[in-house]
Amino acid sequence: MIFRHIHNRILLPVIIGGVTAILAAGNVSAQILDEGGFLDLEETVQHTFRGSAGQELFISAESVDFDTYLTLYGPGGRYVGENDDYGGTNSGLAVTLPWSGVYTITVGGYDQWADRGRYFVTVNESTPSYLLYEENSLSPGRYAEYSLQG
């Protein structure tokens with residue numbers, strides 16, 4: 001199988017019974033925030049980032065020490081969303097930002113009287129992967145090349 005790198009994308013041809021599918025995995029995300037810290041009992045910690053209306057993000061809070069809980073607030077302290085159950089004891093929130101401005105992520109423990117330890121919070125801009133489906137026949141040793149733009 002041949003992997004090709006074109007404009008920060010990986011092109012992966014998959015050939016099954018005369019059917020060629022090209023999967024293009026682009027930059028799955030652009031990182032906006034990557035911070036960590038230590039959460040003590042009965043404590044919450046805030047992290048901020050600047051966002052734009054319509055921006056699609058995935059926000060996560062992860063820890064091997066405790067069950068994380070995150071809440072997202074928009075400009076002016078307006079509530080946007082919360083999560084505590086992404087991937088077991090981690091938190092994850094997929095969101096399209098409703099306003100432009102400074103956003104605040106509050107990280108805490110699901111059980112504020114028992115949860116404490118190190119945690120990491122990340123904000124990634126979502127970029128979808130693309131799949132092109134094409135049906136054709138190829139002779140042995142031959143290949144077809146496709147290009148995707150996203």
Side-chain angles (χ1 to χ4, degrees), residues 1-17 19-135 145-150:
M1 214 168 271
I2 299 171
F3 293 89
R4 299 191 77 181
H5 295 272
I6 300 175
H7 303 292
N8 292 327
R9 291 181 180 83
I10 299 171
L11 299 185
L12 171 63
V14 179
I15 302 169
I16 302 172
V19 176
T20 302
I22 307 294
L23 175 65
N27 291 336
V28 176
S29 62
Q31 197 159 66
I32 295 171
L33 179 73
D34 183 17
E35 296 179 350
F38 188 89
L39 186 76
D40 215 342
L41 296 176
E42 300 183 47
E43 181 182 38
T44 59
V45 181
Q46 295 184 334
H47 298 268
T48 60
F49 67 93
R50 183 168 292 283
S52 300
Q55 195 172 17
E56 294 180 6
L57 302 178
F58 185 76
I59 302 165
S60 66
E62 300 179 1
S63 177
V64 296
D65 296 331
F66 66 95
D67 187 357
T68 63
Y69 195 99
L70 73 81
T71 308
L72 178 65
Y73 298 96
R78 293 179 277 189
Y79 174 84
V80 177
E82 60 189 285
N83 183 272
D84 105 283
D85 60 0
Y86 172 79
T89 60
N90 295 318
S91 307
L93 183 63
V95 64
T96 301
L97 298 183
W99 311 285
S100 294
V102 176
Y103 283 79
T104 302
I105 302 165
T106 300
V107 177
Y110 182 76
D111 181 352
Q112 66 180 4
W113 293 279
D115 291 337
R116 61 176 287 186
R118 292 199 51 74
Y119 72 91
F120 299 93
V121 63
T122 58
V123 177
N124 292 309
E125 188 168 21
S126 301
T127 303
S129 297
Y130 301 91
L131 178 66
L132 169 71
Y133 176 80
E134 176 83 21
E135 196 170 325
E145 189 171 306
Y146 299 89
S147 178
L148 298 173
Q149 209 161 318

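Just the heavy atoms: all of them, side chains too, but no hydrogens, waters or symmetry mates, feed the values below.
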Between [X] (side chain only) and [Y] (backbone N and O only), is there a donor and an acceptor less than 3.5 Å apart?
X	Y	value
Asp85	Asn90	no
Ser63	Arg118	yes
Thr96	Glu56	no

Open item on the list: Check this for me: Arg50, atom CZ, are more than 12 non-hydrogen atoms of other residues, nucleotides or ligands nearer than 6.0 Å?
Closed with: no
Task: Pairing residues for Asp111 by the salt bridge (charged side-chain N to carboxylate O under 4.0 Å, His left out) criterion, not counting sequence neighbours - done: none
Task: Pairs satisfying ring pair (Phe, Tyr, Trp, His ring centres under 6.0 Å), at least one member in residues 90-112, at least two apart - done: Phe49-Tyr103
Open item on the list: With side-chain contact (heavy atoms from CB on, under 4.5 Å) as the criterion, how do Val45 and Phe38 come out once you've worked through the C-alpha distance, each side chain's angles and the decisive distance to 0.1 Å?
Closed with: CA-CA 9 Å; Val45 181; Phe38 188 89; over 6 Å; no
Please find the pair of heavy atoms, one from [X] and one from [Y], that lie closest to each other, and give the distance.
X	Y	result
Ser100	Ala53	OG-N, 2.9 Å
Gly101	Pro75	CA-CG, 3.8 Å
Ile105	Leu70	CG2-CB, 4.3 Å
Gly108	Thr44	CA-CG2, 4.2 Å
Leu93	Gly81	CD2-C, 3.8 Å

Applying side-chain contact (heavy atoms from CB on, under 4.5 Å), can you list everything that pairs with [X], at least two apart in sequence or on another chain?
X	result
Glu42	Trp113
Asp34	Gln31, Thr122
Tyr86	Phe58, Asn83
Thr48	Val102, Thr104

Open item on the list: According to side-chain hydrogen bond (donor to acceptor under 3.5 Å, both in side chains), who are the partners of Glu35, at least two apart in sequence or on a separate chain?
Closed with: His47
Open item on the list: If I take atom CD from residue Glu125 and atom CG from residue Leu57, how far apart are they, to the nearest 0.5 angstrom?
Closed with: 6.5 Å
Open item on the list: Strictly by salt bridge (Lys or Arg N to Asp or Glu O under 4.0 Å), give each pair with a member in residues 61-70 just once, sequence neighbours left out.
Closed with: none
- [ ] Mind checking ring-ring contact (aromatic ring centres under 6.0 Å, His included) for Tyr73 and listing every partner two or more places apart, or none if nothing turns up?
- [x] none
Open item on the list: Would Gln46 and Thr106 count as a side-chain contact (heavy atoms from CB on, under 4.5 Å) here? Give the steps.
Closed with: CA-CA 5 Å; Gln46 295 184 334; Thr106 300; 3.7 Å; yes
